[in-house]
Protein chains: 2
Amino acid sequence: MNRHIDILEAVKAQGLRLTPQRMIILSAIADGEGHMNVDEVYERAKQAYPYMDIATVYRTLHLFKRLGLVTEVGMGDRLHYELTDPNARHHHMACQVCSEAFAFSPSYLDEFRRRLVNEFDFEPDLDHFTITGVCSGCRETRP
Amino acid sequence: MNRHIDILEAVKAQGLRLTPQRMIILSAIADGEGHMNVDEVYERAKQAYPYMDIATVYRTLHLFKRLGLVTEVGMGDRLHYELTDPNARHHHMACQVCSEAFAFSPSYLDEFRRRLVNEFDFEPDLDHFTITGVCSGCRETRP
DNA sequence: CTAAGTGCAAAGATTTTGCCTCCTA
DNA sequence: TAGGAGGCAAAATCTTTGCACTTAG
């Protein structure tokens, strides 16, 4: 994926080093579908490089976040990470019953955002946040 | 507050015991303004009862949550708790810069909810969730 | 009385840090 | 080769759990 190369070039441009570990961690996040927590990134990265250290994953994730390459998403009591992709912004809704997470378009929140800005002068980061609820599949108590 | 008495009666009604610790923890949450994390509840409760144990706080918070007396709010990577109050539902917006949290009315999300239900058959729990952003006070980079 | 609840301490789980070695630029 | 980065292990947090003692009902 060419985008990743650009991203990694951005790392170098910061005077930082482009190490195999960083490339592997980036791929791990990119290959995983959607957001994943630190363990998931770690496990996936280990498949490509068995010596991967969990501390390296934490440090790299923090770095990537600082560089804006990945986005941190609060999922309950754990943080999840996903590739920052301006062309595929979305939001998450997670089912409280089956824990499945779904995505929906940002346009659903356009009006909401407008009101927060206008009425509170609060600039929301609506690109990555999560709401919970119950998905259609888990709704036994209704037809 | 009479509401709390009702709440605690509800505890007894479940065949559970109304202990001083539980009353103190409930007061701690009620007295604190808005949501607080486990430590904050613990510290506050300790002021009323110095022997309070952190394990008791965790157990009690889980119990209260199970009973629907308190609501769990995901704030970044920690869970926060607040009194469940059907008459004062609200949402949170937390400033990424100063960490200050503000509240806004649920009506802001009415249209959004309607679309999730209609188009995805997803029933969102919009009563307690958090969005992040930058508050007006922390916006130096703009007029 | 007696089962539920608490306190205490230990174990788990998750995240961060120090330090020495290795490797990218 | 020099400073950034990784590996390893220890420490720091945060949360849960086992068990004996206490206590509400």
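The sequence lines fix the lettering, A, B, ..., with proteins before strands; numbering per chain opens at 1.
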Partner residues of B:His35 under the ring-ring contact (aromatic ring centres under 6.0 Å, His included) criterion, sequence neighbours left out: B:His80, B:His92
Quantify the bending of the helix from C:dC1-D:dG25 to C:dA25-D:dT1 as the angle between its end axes, each fitted on five pairs, to 10°. 40°
Exercise: identify the closest heavy-atom pair between B:Met93 and A:Phe120: CE-CG, 3.5 Å
Heavy atoms under 4.0 Å is the rule here; annotate nucleotides 20-25 of chain D 5' to 3' with B where the base is hit, S where only the sugar-phosphate is, and - elsewhere. ---BBS
For B:Val41, which of B:Ile25, B:Thr60, B:Ile54 qualifies under side-chain contact (heavy atoms from CB on, under 4.5 Å)? B:Ile25
Heavy-atom nearest pair, B:Ala28 first then B:Ala45, reads CB-N, 4.1 Å
What is the distance, to the nearest angstrom, from the CE atom on B:Met52 to the P atom on C:dT6? 8 Å
Scan residues 44-51 of chain B against DNA chain C and write down, sorted by residue number, each residue with any heavy atom closer than 4.0 Å; if none is found, say none. B:Tyr49, B:Tyr51
Over how many whole Å does the gap from A:Asn37 atom CG to D:dC14 atom P extend? 19 Å
Could you note down all residue pairs passing salt bridge (charged side-chain N to carboxylate O under 4.0 Å, His left out) where residues 49-67 of chain A supplies at least one of them, sequence neighbours left out? A:Lys65-A:Glu72
Between atom CG in B:Leu63 and atom C1' in C:dG5, what is the gap in whole Å? 10 Å
Which letters describe nucleotides 10-21 of chain C, given B = protein heavy atom under 4.0 Å from base, S = only from sugar-phosphate, - = neither? ----SBBBB---
According to side-chain hydrogen bond (donor to acceptor under 3.5 Å, both in side chains), who are the partners of A:Lys46, at least two apart in sequence or on a separate chain? none
Contacts of type side-chain hydrogen bond (donor to acceptor under 3.5 Å, both in side chains), residue A:Glu119, not counting sequence neighbours: A:Arg115, B:Tyr108
Considering just the side-chain nitrogens and oxygens of A:Gln21, establish if one lies under 4.0 Å of OP1 or OP2 belonging to D:dG7. yes
Where the side chain of A:Gln47 meets the backbone of A:Arg44, is there a donor-acceptor pair that is under 3.5 Å apart? no
Shortest non-hydrogen pair, A:Ala30 vs A:Leu83, comes out as CB-CD2, 3.8 Å
Can you sort out the partners of A:Tyr58 under ring-ring contact (aromatic ring centres under 6.0 Å, His included), two or more places apart, ordered by chain and number? none
Taking only residues two or more places apart in sequence, or in another chain, which ones meet A:Asp39 in a side-chain hydrogen bond (donor to acceptor under 3.5 Å, both in side chains)? A:Arg78
As a test of understanding, state which of B:Thr56, B:Asn37, B:Leu61, B:Val57 forms a side-chain contact (heavy atoms from CB on, under 4.5 Å) with B:Tyr42. B:Val57
Return the value, rounded to whole Å, for the distance between atom CD of B:Glu40 and atom C1' of D:dT13. 15 Å
Is there side-chain contact between B:Ile131 and A:Leu116, with at least one heavy-atom pair below 4.5 Å? yes
